[in-house]
S.K.: 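Sharing a structure here in structure tokens format.
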Amino acid sequence: MNKDSGGRVTRDGIRIYDPVDFAGMHRAGELAAQILDEVADHVFVGQTTGAIDDYIRNRVNDAGATSATIGYKGYQHASCISVNHVVCHGIPGDKKLKDGDILNIDVTVIVDGWFGDTSRMYVAGKLARKAERLIQVTHDSLMKGIEAVKPGNTFGDIGHAIQTYVEANRMSVVRDFCGHGLGRVFHAPPNVLHYGRAGTGAVLEEGMFFTIEPMVNLGRPETKVLADDWTAVTRDKSLSAQFEHSVGVTANGVEIFTPSPAGRFHPTYG
Ligand code: MF3
Ligand code: CO
Ligand code: CO
């Protein structure tokens with residue numbers, strides 16, 4: 001039997017979860033977010049992204065949880081670590097962080113069958129002004145997207161809120177990657193686009209679980225995937241940033257499953 005069977009699925013293929021399922025998502029989301037809190041102490045000039053990933057892998061195991069990314073489509077690491085112009089799916093390795101590098105660390109854990117998926121930005125050494133602005137706009141665009149989450153709104157409303165804010169700040173939204181439904185599976189319908197027109201797309205209903213994870217570039221939005229078949233970079237080599245939360249639609253609005261227990265979601269203002 002499929003592990004995600006039973007219950008209701010909308011005509012857009014989106015699963016509707018029960019009120020008790022929110023508790024499972026909060027447990028998974030909390031572990032992922034707590035690990036991202038702890039990881040901040042492991043980001044410094046001279047550190048390798050591979051060492052950061054080792055910490056994450058051990059931490060997931062010590063918690064009695066499972067990494068969702070190890071073994072996923074052949075991926076072999078407990079996190080994706082995307083430095084500077086890497087947009088997403090950066091592979092941890094032995095490259096050392098340099099002063100001023102900005103990086104996204106993305107962790108997905110499985111706790112009692114529930115998936116918690118979250119990512120945020122970190123800096124090694126001194127944060128440059130332009131990078132700081134990019135990180136701030138990207139973070140705030142995610143929050144604007146989350147503010148658009150409530151029953152009766154559409155997925156287009158989420159994308160529209162993000163795109164409008166990013167472009168008003170003269171930055172660009174990546175089109176080639178999107179958020180996704182999740183729950184008892186890693187990636188499920190719908191594709192959650194970070195751009196779009198208000199009022200378009202599937203209608204949000206109580207009990208939907210999905211991620212919002214905008215990637216924002218200082219330059220143009222186009223990306224390309226390197227020969228390793230994972231690492232996505234900006235075509236124009238401009239800096240890129242990303243933040244990701246897993247959320248659930250409630251009767252009146254939204255619950256975030258992956259808030260930072262330590263209030264460290266944003267590297268400079270919490
Ligand atoms: N956590 C990523 C996401 O936000 C997916 C990473 S898949 C991997 O959807 F295989 F690259 F790890
Ligand atoms: Co995700
Ligand atoms: Co993720």
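Read the numbers this way: they start at 1 and go in the same order the structure lists the ligands and their atoms. Being a predicted model, the structure only gives us computed values, none of them experimental.
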S.K.: Does any non-hydrogen side-chain atom of Val247 lie less than 4.5 Å from one of Thr211?
M.R.: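 They are not in side-chain contact.
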S.K.: Determine, stepwise, if the pair Phe44 / Leu97 fulfils side chain to side chain contact (heavy atoms under 4.5 Å, CB included).
M.R.: CA-CA 7 Å; Phe44 47 82; Leu97 295 173; over 6 Å; no
S.K.: Out of the N/O/S atoms in Glu213, what is the name of the one closest to the Co ion (ligand 2)?
M.R.: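 Result: OE2.
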S.K.: If you count the atoms of ligand 1 from 1 in the order shown, which ones are under 4.0 Å from a heavy atom of Thr108?
M.R.: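 Close to Thr108: 1 (N).
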S.K.: Determine whether the side chain, the backbone, both or neither of Lys73 has a heavy atom under 4.0 Å from any heavy atom of ligand 1.
M.R.: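 The answer is neither; Lys73 stays 4.0 Å or more away.
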S.K.: Assess whether side chain to side chain contact (heavy atoms under 4.5 Å, CB included) is satisfied between Met143 and His139, documenting all intermediate values.
M.R.: CA-CA 7 Å; Met143 294 308 168; His139 170 274; 3.8 Å; yes
S.K.: Does the side chain of Asp117 pick up a donor-acceptor pair with the side chain of His245 at under 3.5 Å?
M.R.: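 Checked: Asp117/His245 side chains show no N/O donor-acceptor pair below 3.5 Å.
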S.K.: Look at the side-chain heavy atoms of Ile, Leu, Val, Met, Phe, Trp and Tyr, link any pair under 4.5 Å apart, and say whether Leu103 and Val137 land in one connected group.
M.R.: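 No: no chain of side-chain contacts under 4.5 Å links Leu103 to Val137.
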S.K.: Could you check atom 3 (C) of ligand 1 against the protein and tell me its nearest heavy-atom contact, residue, atom and distance included?
M.R.: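 Result: Asp117 OD2, 3.4 Å.
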S.K.: With a cut-off of 4.0 Å, which atoms of ligand 1 are near a heavy atom of Glu244?
M.R.: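 By the 4.0 Å cutoff, the relevant atoms are 4 (O).
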S.K.: Need the atom name: nearest N/O/S atom of Asp117 to the Co ion (ligand 3).
M.R.: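 Going through the N, O and S atoms of Asp117 one by one, OD1 ends up nearest to the Co ion (ligand 3).
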S.K.: Yes or no: does His77 have any heavy atom under 4.0 Å from an atom of ligand 1?
M.R.: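 Not so, His77 does not reach ligand 1.
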S.K.: For atom 4 (O) of ligand 1, find the nearest protein heavy atom and state the residue, atom name and distance (0.1 Å precision).
M.R.: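 Closest protein heavy atom to atom 4 (O) of ligand 1: Glu213 OE1, 2.9 Å.
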S.K.: Which atoms from ligand 1 have a heavy atom of His180 less than 4.0 Å away?
M.R.: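 Heavy-atom distances to His180 below 4.0 Å select 3 (C), 4 (O), 9 (O).
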S.K.: May I ask you to check if any N/O/S atom from His180 comes under 2.8 Å of the Co ion (ligand 2)?
M.R.: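 For His180, the answer is yes, given that an N, O or S atom comes within less than 2.8 Å of the Co ion (ligand 2).
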S.K.: Considering both backbone and side-chain atoms of His89, is one of its nitrogen or oxygen atoms within less than 3.5 Å of a nitrogen or oxygen in ligand 1?
M.R.: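 No, since none of the N or O atoms of His89 sits under 3.5 Å from an N or O of ligand 1.
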S.K.: For atom 12 (F) of ligand 1, grab the closest protein heavy atom and report residue, atom and distance to one decimal in Å.
M.R.: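 For atom 12 (F) of ligand 1, the nearest protein heavy atom comes out as Thr69 CG2, 3.1 Å.
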S.K.: Given side chains that start at C-beta, do those of Phe210 and Ile14 come closer than 4.5 Å, heavy atoms only?
M.R.: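 Phe210 does not reach Ile14 side chain to side chain.
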S.K.: So which heavy atom in the protein is nearest atom 6 (C) of ligand 1, and how far is it from that ligand atom?
M.R.: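 Result for atom 6 (C) of ligand 1: Cys80 SG, 3.9 Å.
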S.K.: Under the ring pair (Phe, Tyr, Trp, His ring centres under 6.0 Å) criterion, do Phe22 and Tyr17 qualify, and how do the steps go?
M.R.: CA-CA 8 Å; Phe22 279 75; Tyr17 287 97; 8.5 Å; no
S.K.: Thr211: heavy atom below 4.0 Å from ligand 1, yes or no?
M.R.: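 In this structure, Thr211 fails to qualify as a contact of ligand 1 - no heavy atom is under 4.0 Å.
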S.K.: Using only N, O or S atoms, tell me which atom of Glu244 is closest to the Co ion (ligand 3).
M.R.: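 Result for Glu244 and the Co ion (ligand 3): OE1.
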S.K.: Can you tell me which residue and heavy atom of the protein come closest to atom 5 (C) of ligand 1, and the distance to 0.1 Å?
M.R.: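 Nearest protein contact, heavy atoms only, for atom 5 (C) of ligand 1 is Phe186 CZ, 3.7 Å.
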S.K.: Let me know which of His187, His77, His89 forms a ring-ring contact (aromatic ring centres under 6.0 Å, His included) with Tyr72.
M.R.: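 The residue from His187, His77, His89 that satisfies ring-ring contact (aromatic ring centres under 6.0 Å, His included) with Tyr72 turns out to be His187.
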S.K.: Is the Lys NZ or Arg CZ of Arg175 less than 6.0 Å from the centre of Tyr195's six-membered ring, within 45° of the axis?
M.R.: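 Yes, a cation-pi geometry holds between Arg175 and Tyr195.
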S.K.: Please determine, by modelled atom types, if Glu213 and His194 share a side-chain donor-acceptor pair under 3.5 angstrom.
M.R.: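 There is no such pair (donor and acceptor under 3.5 Å, judged by atom type) between the side chains of Glu213 and His194.
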S.K.: Which heavy atom of Pro151 sits nearest a heavy atom of Ala251, and at what distance?
M.R.: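 Minimum heavy-atom separation between Pro151 and Ala251: CG-O, 3.4 Å.
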S.K.: Can you report which non-hydrogen protein atom sits closest to atom 2 (C) of ligand 1, along with the distance?
M.R.: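 So the nearest neighbour among protein heavy atoms is Asp106 OD2, 3.4 Å.
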S.K.: For ligand 1, find out whether one of its N or O atoms is nearer than 3.5 Å to an N or O atom of Tyr72.
M.R.: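 Among all N and O atoms of Tyr72, none is under 3.5 Å from an N or O of ligand 1.
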